[in-house]
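Please read all numbers here as calculations on a predicted model, not as lab measurements. In the text below, chain A, chain B and the rest are named by the order of the sequence lines, each starting its count at 1.
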Protein chains: 2
Amino acid sequence: MLMVSTRNLSCLVKSSKSDSTSDSKSDSTSAAKPAVKPAAKPAASAPRDRYHHGDLRQSLIDAAIALIQDGDLSQVSLREVSRRVGVSHNAPYRHFQDKEALLNAVAAQGFQGLKRVTEAAIAVTPGDAAEQLQAIGKAYIQFAVQNPVYYRVMFSLSDAQQDAALKEAMAQSWGVLFQVILAGQASSVFRAEDPRQMAQVAWAMVHGIALLAIEGQLRVQSGEDFDAFLEFSTRMLSQGLQQQ
Amino acid sequence: MLMVSTRNLSCLVKSSKSDSTSDSKSDSTSAAKPAVKPAAKPAASAPRDRYHHGDLRQSLIDAAIALIQDGDLSQVSLREVSRRVGVSHNAPYRHFQDKEALLNAVAAQGFQGLKRVTEAAIAVTPGDAAEQLQAIGKAYIQFAVQNPVYYRVMFSLSDAQQDAALKEAMAQSWGVLFQVILAGQASSVFRAEDPRQMAQVAWAMVHGIALLAIEGQLRVQSGEDFDAFLEFSTRMLSQGLQQQ
DNA sequence: GTGATATGTTGATGGTGTCAACACGCAATC
DNA sequence: GATTGCGTGTTGACACCATCAACATATCAC
């Protein structure tokens, strides 16, 4: 099975037992930077000598991601995160208002990565808007498959739980898709219907596929199968939006 | 439009503040059974006189749903559920192995409702497979919008968390869609590609839209707008699967 | 150097899931 | 009809959690 190329980033290394879809046959477009920046300096688990940690905020985010990785989102606790970073159970409260705020930060970081990846996909796709849309779709789904932890957190927060920074990050990410839709309509490649609705349909489909893929519910046997499915589904999407 | 008639069931009455999409225009066809059976007898919160509850299992499920309704999935606790039913904090353990098992039961009940609704949609749609697929898509999304609590629980459990009964209920529900795809291919209405992949794409799209709708992220202003979007998106889906 | 302030710690409180031991009442057996 | 077994519900305990308040330490502005 294949691994769609972008490396597993931000120290997400241990593969979970049930990843039926991800795999690692190379794919040429993978030269792009990692989707999400790993923490710069400190190994999250290194015991510190100084009283102050130095970069606790990012370390907490990284530790939370690592925690979710080998387990479940539900078993993330501030205390366990603190333990992993080697800090007292109340230290996180100097950087996050509460547990939800930490998850918001993880999610926001994820959306920034998603934006980066989709923008990169557009940049290397010189064709018309239809081709660019397809490229975005592929990049989007690949991002989810390669960063399942991020992706899960990104969509685990209900509207009421999302803070302003997260909403902004989401809006930025959404903007990438929306601009392509608008461009496609301007050049008469896409139908002239409400661009917002068109974008919503597009987003809904890739989002649904991303979720299925992460959950291992796409019964693709090999990496090639996954690539083929990616091609198939995104082509269908792109065609659906085009003028008939 | 056809409004598959599921009424808001199982005592999900209080509308949450952010339901921008659900519309309650009455619909005449609503004679059909509710999508999910409400608990038969006892008002969940009625203080009981007898030592034994009578139908504690279903009451717990109902209470869990009610709890999620006015709040968040994350704040469901067995203890609070027990409190609402008027029973000790350990009573649930006579009916569910743990908290996850209770959520599994809720989810399974939801999938049974979803199956019923989609089957009903097919039954009242005499057209070809393409029209039936569109009907299923509408019914699916409407189910989600009208039963957001069920829907959220249905997809909140990771593969590893799902028990056998839930997986069976999911498979049954999936089967409805799959059969329509197969029929459409047999009658040369749909493309001759892998039916599983076709079904996955279809499911992914309606699933994505359902999620967006539930989260209130579809910026439709009125019920008519929502109906129009439903029509638009499902038509796109159906057309995408058809022979070119 | 001296505060002021940001950052980290300790301790306490009330909530949670779950286990073990116990209590009740229905139903089948004698 | 009394006895006994077992399903169902209760009480109590434990470990864990989120969060608040009070305190300690390091860093920075002056």
Suppose we screen for salt bridge (charged side-chain N to carboxylate O under 4.0 Å, His left out). Which residues come up paired with A:K115, at least two apart in sequence or across chains?
A:E119
Pairing residues for A:E80 by the salt bridge (charged side-chain N to carboxylate O under 4.0 Å, His left out) criterion, not counting sequence neighbours:
A:R83, A:R84
State which residues pass side-chain contact (heavy atoms from CB on, under 4.5 Å) with A:S233; sequence neighbours excluded, sorted by chain then number.
A:M205, A:I209, A:F229, B:V201
ring-ring contact (aromatic ring centres under 6.0 Å, His included) pairs, two or more places apart, involving residues 64-118 of chain A
A:F111-A:F155
Please tabulate, for the side chains in residues 162-170 of chain B, all donor-acceptor contacts under 3.5 angstrom to protein atoms that are two or more places apart in sequence or on a different chain.
| from | atom 1 | to | atom 2 | distance (Å) |
| --- | --- | --- | --- | --- |
| B:Q162 | NE2 | B:L157 | O | 3.0 |
| B:D163 | OD1 | B:A165 | N | 3.2 |
| B:D163 | OD1 | B:L166 | N | 2.8 |
| B:E168 | OE2 | B:Q172 | NE2 | 2.8 |

How many Å lie between NE2 on A:H95 and C1' on C:dT5, as a whole number?
14 Å
What integer distance in Å separates A:D55:CG from C:dT7:C1'?
13 Å
Using the 3.5 Å cut-off, write out each protein N or O paired with an N or O of nucleotides 17-19 of chain D and the distance between them.
| from | atom 1 | to | atom 2 | distance (Å) |
| --- | --- | --- | --- | --- |
| D:dC17 | OP1 | A:S77 | OG | 3.2 |
| D:dC17 | OP2 | A:R83 | NH2 | 2.6 |
| D:dA18 | OP1 | A:L78 | N | 3.0 |
| D:dA18 | OP2 | A:L78 | N | 3.1 |
| D:dA18 | OP2 | A:R79 | N | 3.2 |
| D:dA18 | N7 | A:R79 | NH1 | 2.5 |
| D:dA18 | N6 | A:R79 | NH1 | 3.1 |
| D:dT19 | OP2 | A:Y93 | OH | 2.8 |
| D:dT19 | OP2 | A:K99 | N | 3.1 |
| D:dT19 | O5' | A:Y93 | OH | 3.3 |
| D:dT19 | O4 | A:R79 | NH1 | 3.3 |
| D:dT19 | O4 | A:H89 | NE2 | 3.3 |

Check whether the side chain of B:R94 and the base of D:dG7 form a donor-acceptor pair under 3.5 Å.
no
